[in-house]
Amino acid sequence: MNFHGEFTTLTRHPNAPQNATGVLNEDGSVSLSWDAVTKAQAYVIHYGNANESDPHEAIFMGYSETPSWTLAATDVPALEAGDKIYLYVQTFNVKGRGANDIEKAAYLNEHELGSAWSDPVILTKTP
């Protein structure tokens, strides 16, 4: 790739979030945080059903404009003791559009160029 092509890629694609960590809270919710990305306007969180480690099967999305996010217990996929949930964070240089966070995440996913996904945050439900 020539220098011009690399420059275009760097200016259009933000950096992937680093140091993403998470916890399954006692109330059943999930909390994530990661290092803020320079110039990031929004983050989309991708996750799938229990024990789904293939990122292509991370079919659910969340949205945040800060470097943290909480998934309400009622929205967490069913997890039995020992089950794992895999979550990924993606950065965008623009904010999502829509009436709610799901619409905003879907808009970015369909219409904007985001970063590579973070390394997975893998959380295990304990008994």
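Side-chain atoms are counted along with the backbone in the values below, which use heavy atoms only and exclude waters and symmetry mates.
- Looking at Asp75, its side chain never comes within 3.5 Å of a backbone N or O of Ala72 through a donor-acceptor pair.
- Here Glu52 contributes atom CD and Asp83 contributes atom CG; the two are 12.0 Å apart, rounded to the nearest 0.5 Å.
- In this structure, Pro14 and Gly114 approach most closely via the heavy-atom pair CD-C, 4.0 Å.
- The closest side-chain heavy-atom distance from Ser115 to Pro17 is below 4.5 Å.
- Here the shortest heavy-atom pairing between His46 and Gln90 reads NE2-OE1, 2.9 Å.
- For the pair Glu110 (side chain) and Leu108 (backbone), a donor-acceptor distance under 3.5 Å is absent.
- Checked by atom type and distance alone, the side chain of Tyr47 never pairs as donor or acceptor with a backbone atom of Val76 at under 3.5 Å.
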* To do: Evaluate the side chain to side chain contact (heavy atoms under 4.5 Å, CB included) criterion for residues Tyr86 and Asp54: first the C-alpha distance (whole Å), next the side-chain angles of each, then the deciding distance (0.1 Å), finally the verdict.
  => CA-CA 9 Å; Tyr86 294 74; Asp54 181 350; over 6 Å; no
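- Here the straight-line distance linking atom CD of Glu26 with atom OG1 of Thr126 works out to 9.0 Å at 0.5 Å rounding.
- Between the NZ atom in Lys125 and the CD atom in Glu80 there is a gap of 7.5 Å [rounded to 0.5 Å].
- Heavy-atom contacts from other residues, nucleotides or ligands closer than 6.0 Å to NE2 of His111 number more than 12.
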* Derivation of the side chain to side chain contact (heavy atoms under 4.5 Å, CB included) call for Leu79 and Leu24 -> CA-CA 11 Å; Leu79 299 172; Leu24 280 166; 4.1 Å; yes
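- Checked options Asn15, Asn19, Thr21; the residue passing with Asp35 is Asn19 (criterion: side-chain hydrogen bond (donor to acceptor under 3.5 Å, both in side chains)).
- In this structure, Ile59 CD1 and Met61 CE are separated by 10.0 Å, a value rounded to the nearest 0.5 Å.
- From Leu123, atom CG reaches atom CD1 of Ile85 across 7.0 Å, with rounding to the nearest 0.5 Å.
- In this structure, Tyr63 contributes its side chain and Gly96 its backbone to a donor-acceptor pair below 3.5 Å.
- Taking each heavy atom of Pro77 and Ala50 in turn, the nearest pair found is CB-N, 4.2 Å.
- Leu32 contributes atom CG, which lies 8.5 Å from atom CG of Leu71 (distance to the nearest 0.5 angstrom).
- Residues Ala16 and Ala116 share a closest heavy-atom pair of CB-O, 3.3 Å.
- Under the 30°/60° scheme for interplanar angles, the aromatic rings of Trp117 and Tyr88 are found to be tilted.
- Under the 4.5 Å side-chain heavy-atom criterion for grouping Ile, Leu, Val, Met, Phe, Trp and Tyr, Ile45 is not connected to Ile102 through any hydrophobic cluster.
- Of the possible donor and acceptor atoms, one in the side chain of Asp27 sits under 3.5 Å from a partner among the backbone N and O of Ser29.
- Checked options Trp34, Phe92, Trp69; the residue passing with Tyr43 is Trp34 (criterion: ring pair (Phe, Tyr, Trp, His ring centres under 6.0 Å)).
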